[in-house]
Structure formats: structure tokens, C-alpha cells
There are 2 protein chains.
Amino acid sequence: MSSKEEPAGAVAERQNLGSRSQRKQLTRDALLEAALRLMKEGRGFTGLSLREVTREAGVVPTAFYRHFRDMDELGLALVEECGMTLRRLLRETRRAGVPLFTDMIRRSVLVYKRYVEDNRLQFLFISSERDGGSPVIREAIRREVAHFTNEMAQDLRSLNAFPGLSMATLEMICGLVVNGMLSTAADILDLPPRRPELDQELVEDSVRRLRVIFLGALQWREKPAAAKQPLP
Amino acid sequence: MSSKEEPAGAVAERQNLGSRSQRKQLTRDALLEAALRLMKEGRGFTGLSLREVTREAGVVPTAFYRHFRDMDELGLALVEECGMTLRRLLRETRRAGVPLFTDMIRRSVLVYKRYVEDNRLQFLFISSERDGGSPVIREAIRREVAHFTNEMAQDLRSLNAFPGLSMATLEMICGLVVNGMLSTAADILDLPPRRPELDQELVEDSVRRLRVIFLGALQWREKPAAAKQPLP
DNA sequence: ATTTTCAGTGCACATGTGTTGACTTGCGCA
DNA sequence: TGCGCAAGTCAACACATGTGCACTGAAAAT
């Protein structure tokens, strides 16, 4: 074992081999992952220091500047990465086909829960910084989320799940769903470890909430354009 | 004008007069308000330093410890204060009677928006720290929000707005509503200043979302308790 | 084979931080 | 009237932080 304890193994793979640009990309990723790893359990991204991140990544502080101008820029990169993660979730779900029959909602929720647990750190990041944190990062996350709900709306549309609903209404519904699921993600994240009954309760609650939304969506009637004429 | 520029007038009133405990309470409030004021525009509570807060409050750093053990304790006090604020909102709304006729939702949303704008900093705080930030504060906020939705559910129940819905279901619905309105608060908070058409759009969107939820609630049928007996 | 580029290092500095202990000063109780 | 208590001050500390500058060595370009 080396005399200087290695931080987290992220450096081990970065040691040798690879062309220069490849290695650069490698330490860049190490920085991103270090940031994510550091906010595991508690601290928001805003509370991280540059030095801390480089330390966790196993790199000298000044090396940071070879990759990002400041922490905000690293944050933006994280947003992008997490956006791709979310997008991937949607795409895979889409590909898996949509069993529109009974229990479809519960299945989706279970898939989602699994996905959140598999990508803890990314969801932790977006949950933390969606409302708090630096304005520029918050803005970026909003855009990403909006993009995501937009794609989801188009999916619902092409599935003809809610015929008679305009695209705008579909987006509104999806906004409701996404918002709910993001806050659910936060709940999933600090779920105590070995309590399967709590897990189940959370899932069932989530299912119920989604059911309400979809019930409402089915019942929705588009407004007659304007409130000019008093009675239909 | 004094040679040393006063931070924000919070000190001016604290200068003379009042019994000892009154003055203590006064600087305590100054600290709390200073913290809130500091996260105006951007920075989360976690990113604030003790010294910064005392500086903004017009007090020497060490005076901080006469009131709070550390920043976390100050955060908890803030949560409590904001909880009371929220509770007050609900109580006043309750007292104002509930016009269950048309446009009730829009009226409520407008009241809410006004309220959020009048209490910018408190909502900014809870929005920021609800998901991000220190675990202990987050936990406290969750409890406060849960308490709030619980009260709201009891209100709905005593109003008989949704007969046939169990208390648990009512709480679920209210959770949906509160969650949505909290994220709406975040949207309200960084609404550009002189854009009334954006304001209106946000309101209408919020109204639509609530309408969907209530439509779903009206349509909701309680599950037959358990899946034991096949048919009632 | 020689030169250039550049990711990563080492060192230094000014500044901000949390917390300590000993102090002043005036309110409030005896 | 005087005395203790405690809110607030002052000075000092041991660090941590962001960032500038000169550097090294190996991969890339010539």
C-alpha cells in the first residue's frame, strides 16, 4: 500500500495509458464525480469548495482551472450530465413499450424508483440545486427540466393517451407529473436504508398522486378559448 | 451621516430603549433577518458564513453565540419562523371564508401569489432549503410542511368539499397541492420585475394545475380497503 | 530529433473563516 | 445603594480558501 492514502480510487484508473486528451477527459470526469460524491449526505453543491473537490478527485487545486473557470462552470457541466441521464431514462422507458393496461402506473413508479436509487448522486444534485443555489445553475436546471417535460408531453401525444387534450395542456399535465416525481426523488433519497415497508408506502403514495393527476387529465375539457360569451 | 455606513437600518431601531430581554430579542431578530436578507438573489442558506450574518446584522461575530450555538441552530429558528408565517397564511385564508363558487381557485392563487411576494425572503428560504442544504434543517422543513398540509386537509374535511374521501386521501391531495404551490413559489420568486404578462401566465398555469388536481380528487373512488375479499 | 504544447505540480500570498478567552458596561435584582 | 449577571466588544489564534506564477515532463507537432 502506498504511503499516501488515495482518496477514492478515481485516480487509480487515471494513472497511466491513454492519449493526452483522453487523460484530460478522465480527470475532468474525476472532478465532476468528486463533486457529486461530496454532496452525498447533506451538503448542497453551493457549500462545496474548489479545494475540497480537487482533493477528493486526487488532484492539486490549481489543476482545476485546466478544466473549469470556477465552480459555477463545473455546476453547469453537472447539470448537462444529469440532463443526459434523465433523457436516457425517458428514452429507455419509451423503448420498453408502454403497457397501457392495469398497474402501468405502479410499474412506472417502480422503474423510476429503481432508477433514482441507481443514480443517487445525480438526482441528489438536481434536487438540491433546483430551487436553492446559484441562479445560473438553477436556471440551467429549469431549462433541462422543461426540455424533459416537453419530450414527455410529445410522447404522451404520440401514444394518444389523452386524445382531445391540446399540446399545451399535455405539457401542463407533464409539468405536474415531473414536478411531483422530482420531489418524490428527494423523498426516495433520504429514505432510511433497511425499511422496506417505508419504501412500499412511498411507492403507493406516489402511485396515488399520479392516479389523481391522470384522473384529472382524463376529466379535463379544454376551455372555449376565451371568457367572452357568458354561458355556453 | 455617521462615518461608518450602517448595514441596513436593522441596528437603528435596536440602538436604545427596551428592557434587556427585549433588546436581546431584537438583535436575535436582526440576526435572523440578516440571514434571510443575505440569501436574497442567489445564495443558499448553506453558503452563508457566521461572520457574514453578524456583519449584516451590525454585530460583532462573537455576539452570535449569545443567541445560537451555530448556523444550523439559526436555520432551525428560521424554519420555525417561516412555519408560523405559513400557518398564519392558512388561518387568515380560513377566516376569510371560502367562496366555493366559480373562480375560487383563481382567487386563492392570486391571494397566494400576493402573499409570497409580501414574504419573499421566508419563501426563498424554505424553497432553497427544502431539498438542498443541511439534513437537520431539511428535516425540520419537511415536518413543518407536513404539519401544514395536515391542517389544510382538516380544513377541507370540515368544509365537506370532498365528501366520500377518506382523511388519508385528503392528506394525499393536499400534499399534491402544497408541493405544487411551493414549487410555484419558487417560480414566483424569480419572476422578472416588470412583466405583468408573465405574471398572469404563471397564475393561469397555476390555476390549471390546481384544477386538474381537484378534478382528479372529485373523480377519486376509495379503494375497497384491501385486496382480500374479491368483490363487495 | 527537435521544438512546442499543455495537463498537472509546488509554492506563496492575501483574505475570510469559526472559535477562544479576557474585557466592558449597563440592566435588574438584592 | 451596590453587586452580579450577561449582551456585546476586542484582539488573537489556527486554519481553509481562491488564485497567481514559475515549473516540469511527457505527449504531440514539426
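Bear in mind the structure is a predicted one, so any value in this text is a computation, not a measurement. Within every chain, numbering begins at 1; the chains are lettered A, B, ... in the order of the sequence lines, protein sequences first and strands thereafter.
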Query - Strand contacts (DNA chain D) in residues 65-72 of chain B, 4.0 angstrom heavy-atom criterion - result: R66(B), H67(B)
Query raised in the report: Between E52(A) (CD) and dT17(C) (P), how many Å, whole number?
Result: 16 Å
Requested in this report: Figure out the CG/C1' separation between L50(A) and dT17(C), and round it to whole Å.
Outcome: 17 Å
Query raised in the report: So does R114(A) have more than 12 non-hydrogen atoms from other groups sitting under 6.0 Å from CZ?
Result: no
Query - Atom-pair distance (CG on L26(A); P on dA27(D)), nearest Å - result: 15 Å
Requested in this report: Begin from the C-alpha positions of F45(B) and M71(B) and carry the test side-chain contact (heavy atoms from CB on, under 4.5 Å) through to its verdict.
Outcome: CA-CA 9 Å; F45(B) 174 80; M71(B) 285 292 284; 4.0 Å; yes
Requested in this report: Specify the separation, in whole Å, of atom CZ of R28(B) and atom P of dA6(D).
Outcome: 17 Å
**Report entry** Atom-pair distance (CZ on R55(A); C1' on dC15(D)), nearest Å
**Finding:** 11 Å
Identify all pairs in which a protein N or O lies below 3.5 Å from an N or O of nucleotides 26-30 of chain C, and state each distance.
residue: dG26(C); atom: N2; partner: R20(B); partner atom: NH1; Å: 2.5
residue: dG28(C); atom: OP1; partner: R20(B); partner atom: N; Å: 3.0

Query raised in the report: Does OP1 or OP2 of dG8(D) have a side-chain N or O of T27(B) closer than 4.0 Å?
Result: yes
Query raised in the report: Just by distance, do the side chain of T27(B) and the backbone of A30(B) share a donor-acceptor pair under 3.5 Å?
Result: no
Query raised in the report: Any side-chain N or O of S49(B) under 4.0 Å from OP1/OP2 of dG16(C)?
Result: no
Query - Audit row: E129(B), R138(B), salt bridge (charged side-chain N to carboxylate O under 4.0 Å, His left out) steps and yes/no - result: CA-CA 6 Å; E129(B) 306 304 309; R138(B) 189 174 53 218; over 6 Å; no
Query raised in the report: Does the distance from a Lys or Arg side-chain N to an Asp or Glu carboxylate O, for R142(A) and D190(B), drop under 4.0 Å?
Result: yes
Report task. For the residue pair N179(B) and R130(B), confirm or rule out a side-chain donor-acceptor distance under 3.5 Å. Result -> yes
Requested in this report: Grab the CD-P distance between Q25(A) and dC6(C) for me, whole Å please.
Outcome: 17 Å
Query raised in the report: Between G47(B) and R43(B), which heavy-atom pair has the shortest distance, and what is it?
Result: O-NH2, 3.2 Å
Distances for protein N or O near nucleotides 12-14 of chain D N or O, under 3.5 Å:
none

Query raised in the report: Any side-chain heavy atom of L50(A) within less than 4.5 Å of one from Y65(A)?
Result: yes
Report task. Check the surroundings of atom CD in E204(A): do more than 12 heavy atoms from other residues, nucleotides or ligands lie under 6.0 Å from it? Result -> yes
Query raised in the report: Near Q200(B) CD, under 6.0 Å, is it more than 12 heavy atoms from other residues, nucleotides or ligands?
Result: no
**Report entry** Nearest-Å distance for atom pair NZ/C1', residues K24(A) and dC6(C)
**Finding:** 8 Å
Query raised in the report: Does a nitrogen or oxygen in the side chain of T62(A) sit under 4.0 Å from OP1 or OP2 of dT19(D)?
Result: no
Report summary line: d(L90(A) CG, T85(A) OG1) to nearest 0.5 Å is 13.0 Å
